[in-house]
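Beneath this line is the structure, given in structure tokens, with notes to follow.
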Amino acid sequence: MIQSKPAAAPDTLILGSEDVAAAFDWADAIAALRRQYGADISDDMFPPRAMARGDGVWLRTLSGLAPDGTVMGAKMIAASMHARRASYLIPLFDQQTADLLALIDGNAITGYRTAATTALALDALAPAGPVTLGVLGTGFEARHHVEALHAIREIAEVSVFSPNPASRAAFAAHFAPLGLTVRPMESAQALVEAGPAMLLCAARSRDEQPLFDGRWLRPGMTVASIGSTLPEQREVDPETIRRAALIVADMPDEVAHDTGDMHAARDAGVAFENRLVALSQVVSGAVPGRGSAEDIVLYKSVGAALQDITVAAMCLDRARAQDLGRSIPTVIRTVQK
């Protein structure tokens, strides 16, 4: 019997930051994340992140398998505190053949995947229809988050606060071409007490104090916190966590045990474990995103391999269609096992 030869492995595609930017699309990224978060996900698909440490150097790895069975991969972050530099890389493999499909600039993906996932969460948690959005922060993360939400929801108005008036003005000017009305605010308290339907926290405070007082929140608000991801970092206060009827996390275990906000809540005697659920449970419909119109709901993000892999795979598909990137012959060959 003559056995057919296995199909030739595809060339590996290298996508730099400019290629990722050219291939990326907010609506497609959010749709891809919605499909993957709504799929059947097991803990084994996404093990805890690992970090190798040395004298002033570390290598952090987030790995996982796409729930739809298409790709698998990792985001690797290499950092040297001696040089004060870091390098981000995402390798993607075909789940069926183990072929190396692509090497992708992980820093560029990170800048998009966080905002796309937050937009997915806010869309699932906030009431339907046009929304008002309050933003604490004016940096690239804040801008990306507004752009992501604008791609899938009608935003009636954006209010923004940061300590620097020039930054607030630049933020407003940035969104003028999109036709978004942006209202600079003089304080975090004024912004929060105005009662935007959605409140985005995208500016971890320099002195690691919460950005606002949870007592300022009005019933029905949906709050997203994306800036506090380590035990020593702070963004929201224990009162916000106490008032939240539901706390949704991209990585519940890491949010509960590795973020300064939740450490502070636990120290203040605020129990939250029975209100903490995974974003995948909300997107899949296993857990309702909102019990009533009066509920305050909190989404807390630390980042996840699922987000990196999903958005990287989406960019890879679009890059191929647009003939972007650099294709190299397969040099990392699979071996028979």
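In what follows, residues are counted from 1 in the order of the sequence shown.
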According to salt bridge (charged side-chain N to carboxylate O under 4.0 Å, His left out), does anything in residues 109-138 pair up with another residue at least two apart or in another chain? List the pairs.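 Every pair satisfying salt bridge (charged side-chain N to carboxylate O under 4.0 Å, His left out) with a residue in residues 109-138: Arg34-Asp123, Arg113-Asp308, Asp123-Arg153.
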
Residue pairs involving residues 318-327 (criterion salt bridge (charged side-chain N to carboxylate O under 4.0 Å, His left out); sequence neighbours excluded): Asp28-Arg318

Side chain to side chain donor-acceptor pair (under 3.5 Å) filter on Asp68, not counting sequence neighbours, yields Gln36, Thr70

Is it the case that more than 12 heavy atoms not belonging to [X] sit under 6.0 Å from its [atom1] atom?
X: Gln189; atom1: CD; result: yes
X: Met45; atom1: CE; result: yes
X: Phe24; atom1: CZ; result: yes

Between [X] and [Y], a side-chain donor and acceptor under 3.5 Å:
X: Asp267; Y: His263; answer: no
X: Ser162; Y: Asn164; answer: no
X: Glu235; Y: Ser225; answer: yes
X: Lys300; Y: Thr259; answer: no
X: Thr222; Y: Arg290; answer: yes
X: Glu147; Y: His174; answer: yes

Exam field: side chain [X] to backbone [Y], donor-acceptor pair closer than 3.5 Å:
X: Thr110; Y: Gly106; answer: yes
X: Ser284; Y: Gln281; answer: yes
X: Asp295; Y: Ser292; answer: yes
X: Arg275; Y: Ala244; answer: yes
X: Gln95; Y: Val71; answer: yes
X: Glu186; Y: Pro165; answer: no
X: Asp19; Y: Leu324; answer: no
X: Asp250; Y: Val302; answer: yes

Heavy-atom pair with the smallest gap, counting every atom of [X] and [Y]:
X: Ser167; Y: Thr138; result: CB-OG1, 3.4 Å
X: Val282; Y: Ala124; result: CG1-CB, 4.1 Å
X: Ala224; Y: Thr118; result: CB-CG2, 3.8 Å
X: Arg234; Y: Ala264; result: CZ-CB, 3.4 Å

Verify whether the ring centers belonging to His150 and Trp26 lie closer than 6.0 Å. no

Please test Ser159 against Thr132 for side chain to side chain contact (heavy atoms under 4.5 Å, CB included), starting from the C-alpha separation and ending with a verdict. CA-CA 8 Å; Ser159 54; Thr132 53; over 6 Å; no

Verdict with supporting geometry, Asp44 and Ser42, side-chain hydrogen bond (donor to acceptor under 3.5 Å, both in side chains): CA-CA 5 Å; Asp44 290 340; Ser42 70; 5.1 Å; no

Going hydrophobic residue to hydrophobic residue with side-chain gaps under 4.5 angstrom, can you get from [X] over to [Y]?
X: Phe171; Y: Leu136; value: no
X: Leu246; Y: Met198; value: no
X: Ile109; Y: Phe140; value: no
X: Ile226; Y: Leu306; value: no

Residues Glu193, Arg218: salt bridge by 4.0 Å N-O rule: no

Taking 4.0 angstrom as the limit, do Glu273 and Arg266 come out as a salt bridge? yes

Review item, side-chain donor-acceptor pairs of residues 54-67, under 3.5 Å, at least two apart:
none

I'd like to check the side chain to side chain contact (heavy atoms under 4.5 Å, CB included) partners of Leu100; sequence neighbours left out, ordered by chain and number. Thr12, Pro91, Phe93, Leu103, Ile332

For Glu239, side chain to side chain contact (heavy atoms under 4.5 Å, CB included) partners two or more places apart: Arg215, Asp237, Arg242, Arg243

Atom pair OG/NE2 of Ser301 and His145 - distance to nearest 0.5 Å: 7.0 Å

Please report the C-alpha distance between Asp11 and Ile328 in whole Å, then the side-chain angles of each, then the deciding distance to 0.1 Å, and finally whether the side chain to side chain contact (heavy atoms under 4.5 Å, CB included) criterion is met. CA-CA 6 Å; Asp11 286 351; Ile328 61 173; over 6 Å; no

Where does the angle between the aromatic ring planes of Phe212 and Trp216 fall among parallel (under 30°), tilted (30 to 60°) and perpendicular (over 60°)?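 Rings of Phe212 and Trp216: tilted, as their planes differ by 30° to 60°.
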
